[in-house]
Chemist: 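Below is the structure I would like to discuss, written out as structure tokens.
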Amino acid sequence: MALPSVMVLPLLIVVAAGLYYIYNEVMQFMSKSLVRNKVMVITDAVSRVGTECAHLFHKGGARLILCGTSWDKLESLYNYLTDDADPRETFAPKLVILDFSDMDSMEDVVAEVLECYGCVDVLICNSSMKLKSAVQSVSLELDRNVMDINYFGPSTLAKGVLPTMISRRSGHIVLINSIQGRLAVPFRSSYAASKHAAQAFFDCLRAEVEEYGIVVSTVSHTFINASDSPLAEGPAPKPNILAAFITSQLTHGVSPSVLANEIMQIVNRKRKEVMLAHPIPRVALYLRFLLPSFLFAVLSAEVKDSVLDDAVGENMKRDVK
């Protein structure tokens, strides 16, 4: 008996959903099996993205080395991972204090990391310091601090673990960077500069170590959402519509769980470059190379609107006084 035509579409949808579910389950199982027993280092493991990565890779049976600046937070993460874990399927993480703002300690940190298991299979450089300020308001000391955490720290740690990877002719280094390593946005000069430097360093490193079987991956994402819904701000004068739309899209973030799952796929599939961004930031990247004058004009218009809004706000405050 033939199915009524009205039932064909719902049936196809159900079948497609079932196949998609089975595909996801198979991919998740394969992802876990691929990271099992791998020695993985995660910097800033107590951040939202770091915690999500630690949870995924710990469930997959990886041998984790979790790094962070606070011992108390690292211990809390350790307890979170191990409380309900099956010791037959998972390994208790190792904890290492790592502070990229203290570059003098990096030699000891590298030695401590390597002492944990004698080697590193995967290094995930997740640490980042964000800064939003006008250029003239940023001190040289703050500039250096941003560069230490976002560039000098990850590059120094990568150099530290590189000899063991080269000797084993195996390894994977993942840089969690930012789309601002490719496209600069006003009022984020130090942050964008550090991300551009990191992107360039790891792009060079990728070419230099490929002959040793080492994979270098970079992830360019927009900002990481602190929550599902952004906090509302007070009313403000209406800015340039086009400039405001582009800027809002450039700063529209991804959730930590989505980013962590993407990192899992990058590690498993050894993808060399991934961009997690909405269409507008992607278009802005093309405009940067194809029509740079147009993009510069749009970003400048946003800055002028911002300055005008600040001036209006100051005048209103004076009137109230």
Side-chain angles (χ1 to χ4, degrees), residues 35 38-87 89-118 120-132 141-142 144-158 160-161 174-178 191 194 221 223-228 231 253-261 263-264 267:
V35 301
K38 295 282 188 182
V39 177
M40 307 187 69
V41 178
I42 303 176
T43 67
D44 197 12
V46 297
S47 66
R48 294 186 299 272
V49 174
T51 299
E52 290 286 347
C53 287
H55 180 64
L56 278 178
F57 289 118
H58 183 255
K59 285 202 311 181
R63 301 173 186 261
L64 295 180
I65 302 173
L66 305 178
C67 304
T69 58
S70 168
W71 188 258
D72 290 339
K73 291 181 179 180
L74 284 173
E75 284 190 327
S76 297
L77 177 57
Y78 177 95
N79 293 332
Y80 165 72
L81 295 175
T82 57
D83 278 349
D84 298 325
D86 185 349
E89 298 291 330
T90 60
F91 298 93
K94 308 283 189 180
L95 308 180
V96 174
I97 291 293
L98 169 61
D99 185 357
F100 282 147
S101 63
D102 180 15
M103 291 302 296
D104 292 335
S105 67
M106 286 306 299
E107 186 176 346
D108 293 334
V109 169
V110 170
E112 186 176 354
V113 166
L114 293 176
E115 282 177 5
C116 291
Y117 291 105
V120 172
D121 293 307
V122 181
L123 169 62
I124 299 177
C125 296
N126 171 55
S127 304
S128 183
M129 178 181 178
K130 297 175 178 63
L131 178 65
K132 181 179 180 181
E141 181 182 0
L142 191 52
R144 286 172 171 164
N145 197 23
V146 172
M147 288 297 291
D148 280 344
I149 294 173
N150 293 354
Y151 169 62
F152 287 115
S155 60
T156 302
L157 184 58
V161 303
V174 181
L175 172 69
I176 312 304
N177 205 34
S178 167
Y191 179 75
S194 66
H221 61 79
F223 288 92
I224 299 183
N225 288 334
S227 59
D228 293 334
L231 296 176
V254 298
S255 71
S257 59
V258 168
L259 182 52
N261 276 287
I263 294 167
M264 171 73 89
V267 171

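The structure presented is a predicted model; accordingly, all values stated were derived computationally and were not measured. Computed over heavy atoms, backbone and side chain alike; hydrogens, waters and symmetry mates excluded.
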Chemist: Check whether more than 12 heavy atoms from other residues, nucleotides or ligands sit under 6.0 Å from atom CD of Glu75, and answer yes or no.
Modeler: yes

Chemist: Checking Phe57 against Ile263 for the side chain to side chain contact (heavy atoms under 4.5 Å, CB included) test, could you report, in this order, the C-alpha distance in whole Å, the side-chain angles of both residues, the deciding distance, and whether it holds?
Modeler: CA-CA 10 Å; Phe57 289 118; Ile263 294 167; 4.2 Å; yes

Chemist: Examine distances only and state if a side-chain atom of Asn150 and a backbone atom of Met129 form a donor-acceptor pair shorter than 3.5 Å.
Modeler: yes

Chemist: Given the rule in the side chain to side chain contact (heavy atoms under 4.5 Å, CB included) test, do Val46 and Ser70 qualify, once you have shown the distances and angles that lead to the verdict?
Modeler: CA-CA 8 Å; Val46 297; Ser70 168; 5.8 Å; no

Chemist: Hey, mind stepping through Tyr78 and Leu66 against side chain to side chain contact (heavy atoms under 4.5 Å, CB included) and telling me if it holds?
Modeler: CA-CA 9 Å; Tyr78 177 95; Leu66 305 178; 5.7 Å; no

Chemist: Roughly how far, to the nearest 0.5 Å, is NE2 of His221 from CG of Leu259?
Modeler: 5.5 Å

Chemist: Could you walk me through whether Tyr117 and Lys94 pass side chain to side chain contact (heavy atoms under 4.5 Å, CB included), step by step?
Modeler: CA-CA 9 Å; Tyr117 291 105; Lys94 308 283 189 180; 3.7 Å; yes

Chemist: To the nearest 0.5 Å, how far apart are NE2 in His55 and CG in Leu77?
Modeler: 11.0 Å

Chemist: How far apart are the closest heavy atoms of Leu114 and Gly160, and which atoms are they?
Modeler: CD1-O, 4.2 Å

Chemist: Among Val41, Ile65, Val174, Val39, whose side chain to side chain contact (heavy atoms under 4.5 Å, CB included) with Leu123 holds?
Modeler: Val41

Chemist: Can you name the nearest heavy-atom pair linking Asp44 to Ser47, along with the distance?
Modeler: O-OG, 2.8 Å

Chemist: Determine the minimum heavy-atom distance between Leu64 and Ala54, stating which atoms define it.
Modeler: CD1-O, 3.5 Å

Chemist: Let me confirm one number: the CE-CG distance from Met40 to Asp121, rounded to the nearest 0.5 Å.
Modeler: 8.5 Å

Chemist: Counting distance only, does the side-chain N/O of Thr82 pair as donor-acceptor with the main-chain N or O of Ala92 below 3.5 Å?
Modeler: no

Chemist: Between Ser194 and Val146, which heavy-atom pair has the shortest distance, and what is it?
Modeler: OG-CG1, 3.7 Å

Chemist: How about Lys59 and Thr90: do any of their side-chain heavy atoms sit closer than 4.5 Å?
Modeler: no

Chemist: From Ile97 CD1 over to Asp108 CG, what is the distance, rounded to the nearest 0.5 angstrom?
Modeler: 13.5 Å

Chemist: Give me the atom names and distance for the closest heavy-atom approach of Tyr191 to Ser128.
Modeler: CE1-OG, 3.7 Å

Chemist: How many angstroms lie between CG in Leu98 and OG1 in Thr43, if you round to the nearest 0.5 Å?
Modeler: 6.5 Å

Chemist: State, to 0.1 Å, how close Gly153 and Met106 come at their nearest heavy-atom pair, and which atoms those are.
Modeler: O-CE, 4.1 Å

Chemist: Take atom NZ in Lys132; do more than 12 heavy atoms of anything else shown fall under 6.0 Å from it?
Modeler: no

Chemist: So, taking the atom named SG in Cys67 and the one named CG in Leu157, what distance separates them when rounded to the nearest 0.5 Å?
Modeler: 7.0 Å

Chemist: Any non-hydrogen side-chain atom of Asn126 less than 4.5 Å from a side-chain atom of Cys53?
Modeler: no

